[in-house]
Amino acid sequence: MPFPYIARFREALAAIRREGRYRVFTDIVRARGNYPQADFHAQGAKRPVVVWCSNDYLGMGQHPKVLAAMHEAIDAAGAGSGGTRNISGTTHYHVELEAELAELHGKESALLFTSGFVSNDATLATLAKLLPGLVVFSDALNHASMIEGIRHGGMQKRIFRHSDMADLRRQLSETDPAAPKLIAFESVYSMDGDFAPVNAICDLAEEFGALTYIDEVHGVGLYGPRGAGVAAREGAMERIDIVEGTLAKAFGVMGGYIAASGELVDCIRSHAPGFIFTTSLAPTIAAGVLASVRHLKDSDVERETLMARAALLKRLLAEAGLPVMETPSHIVPVLVGEAALCKSVSDALLYEHGIYVQPVNFPTVPRGGERLRFTPSPLHSEAMLHELVRALDQVWTAHRLGRAA
């Protein structure tokens, strides 16, 4: 009797549906020049919505300089890169962008990847091959891409409690002093919106002879001088061995990268399958990111406006008695606490109020920590913030959800 493949697939999907966390992708088209407005396509029709959950934090995906650079690159070089970096996929756009990113972080070299997930996965897994016996100390709330990279590398893993320096110290002290060590952590944790104690981690790394690996995907472009990230803001950039970042959030386009010493970057370039065997980013993408990075090195307007919008939204939500989670960053999470309810609230906002915010359920957050995660941008007007809170207040009441004290 053949194996019941389809039945197993159906069982797996049914289990997710029973928990209320089956993911439904929302079909939207962002309105160029009118973002955060977008068209929502459903059942053969479209309707206008306002996007509140994009990681294009600064709206750079709509910036005239970025769009112009991408148009110029596609006219000059065409659509694709033509291959991996080793074949024909290294264009002058890639070379310029890597130099710009290395300079941003004060490092000797940088290396582009097709996404932030791939850059974490490929780099961490490859470090295990380059450093036999490597022990990785990973923050308990690290992103799935870091977890996958550590798993793929097969190195010894020690998980320390989130941002708990006493626990990290204990685990470092219990490890063979002669073993190679790496402390992997994020600068901004995207679901809770808190910052890592960067300098305290660097202190322990120096004391115990460990490399430092910081994931700046939610920090680069947003914090620090010229948008160089949280490590730069904390004056710790020289203490960080490997900076990993994304080109798809604050920079508004696509891709990932690492920045580090010339020798380390060259080793990853020469050994990482996730880099060697992947077609490079299209030249038009590299050109767009290059324009975005250069603009944000010189302009603080976008960052300052974002922080003002985030602070106002937090205040308005708190005044309405809505359970906004306190965060020091630009992330604005509102706790719901149950998967099916979180999806229902999200649907009501979308279909009744034209407000698009996706529910965040397990495994992105722990069960019981389900939430809506709002990401205001400089392109969200103050009127939009007030309208959002008014709509959420109505939906909260209709669902009989608890209010904040």
Side-chain angles (χ1 to χ4, degrees), residues 29-33 35 54-105 107-123 126 145 216-217 220-221 226-229 243-260 262 265-299 302:
V29 177
R30 301 201 302 176
R32 189 189 67 160
Y35 183 75
S54 172
N55 283 336
D56 186 358
Y57 293 131
L58 299 176
M60 291 304 294
Q62 303 289 316
H63 198 282
K65 289 183 182 178
V66 174
L67 301 183
M70 296 183 78
H71 279 294
E72 291 172 9
I74 201 166
D75 288 340
S81 68
T84 68
R85 294 288 296 275
N86 299 310
I87 300 175
S88 63
T90 296
T91 72
H92 191 56
Y93 300 101
H94 298 89
V95 174
E96 281 195 294
L97 178 54
E98 286 174 339
E100 200 76 32
L101 291 168
E103 193 278 334
L104 175 67
H105 294 293
K107 303 300 182 185
E108 292 177 345
S109 297
L111 190 66
L112 292 173
F113 293 85
T114 50
S115 73
F117 191 107
V118 174
S119 56
N120 268 335
D121 187 6
T123 302
T126 303
S145 58
E216 283 269 24
V217 297
V220 71
R226 306 186 304 157
V243 178
E244 185 273 341
T246 185
L247 309 171
K249 293 182 171 60
F251 294 131
V253 191
M254 179 184 177
Y257 68 92
I258 60 166
V265 168
D266 201 12
C267 277
I268 301 300
R269 182 188 70 86
S270 301
H271 289 86
F275 173 81
I276 296 170
F277 299 105
T278 300
T279 297
S280 67
L281 292 170
T284 184
I285 290 174
V289 176
L290 185 60
S292 183
V293 173
R294 286 173 171 169
H295 175 79
L296 290 175
K297 280 183 174 181
D298 293 332
S299 175
E302 292 82 4

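If you read the sequence from its start, that first residue is 1, and numbering goes on from there. Note that these values count all heavy atoms, side chains included, but never hydrogens, waters or copies made by symmetry.
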Practice item. Any pair with a residue in residues 270-279 that passes side chain to side chain donor-acceptor pair (under 3.5 Å), sequence neighbours left out, goes on the list, sorted by first then second residue, please. Key: none
Review point. Where the side chain of H105 meets the backbone of A260, is there a donor-acceptor pair that is under 3.5 Å apart?
Key: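 No: the side chain of H105 does not pair with the backbone of A260.
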Check your understanding: Any donor-acceptor pair under 3.5 Å linking the side chain of S109 with the backbone of A259?
Key -> no
Can you name the side-chain hydrogen bond (donor to acceptor under 3.5 Å, both in side chains) partners of [X], sequence neighbours left out?
{"X": "E72", "value": "none"}
{"X": "S299", "value": "E302"}
{"X": "T91", "value": "H94"}
{"X": "S81", "value": "S280"}

Do [X] and [Y] come within less than 4.5 Å of each other through their side chains, counting heavy atoms only?
{"X": "V289", "Y": "L281", "answer": "no"}
{"X": "Y57", "Y": "K249", "answer": "yes"}
{"X": "L247", "Y": "I285", "answer": "no"}
{"X": "I276", "Y": "T84", "answer": "no"}

Where [X] and [Y] come nearest, the two heavy atoms and their spacing:
{"X": "A73", "Y": "P283", "value": "CB-O, 4.1 Å"}
{"X": "V243", "Y": "K107", "value": "CG2-CE, 4.2 Å"}
{"X": "A69", "Y": "A287", "value": "CB-O, 3.7 Å"}
{"X": "A110", "Y": "L101", "value": "CB-CB, 4.0 Å"}
{"X": "E244", "Y": "S119", "value": "OE2-OG, 2.7 Å"}
{"X": "M70", "Y": "V253", "value": "CE-CG1, 4.1 Å"}

Review point. Are E98 and R85 ion-paired here, with the side-chain N under 4.0 Å from a carboxylate O?
Key: yes
Enter the distance from [X]:[atom1] to [Y]:[atom2] here, rounded to the nearest 0.5 Å.
{"X": "L58", "Y": "L296", "atom1": "CG", "atom2": "CG", "result": "5.5 Å"}
{"X": "Y93", "Y": "L290", "atom1": "OH", "atom2": "CG", "result": "10.0 Å"}
{"X": "F251", "Y": "L104", "atom1": "CZ", "atom2": "CG", "result": "5.5 Å"}
{"X": "T123", "Y": "I258", "atom1": "OG1", "atom2": "CD1", "result": "4.0 Å"}

Exercise for review: Could you pull out all residues at least two apart from R294 that satisfy salt bridge (Lys or Arg N to Asp or Glu O under 4.0 Å)?
Suggested key: E96, E100
Exercise for review: Could you point out which residue of R30, H63, Q62 forms a side-chain hydrogen bond (donor to acceptor under 3.5 Å, both in side chains) with D56?
Suggested key: R30
Practice item. Evaluate the ring planes of F275 and F113, with Trp represented by its six-membered ring, and classify them as parallel (under 30°), tilted (30 to 60°) or perpendicular (over 60°). Key: perpendicular
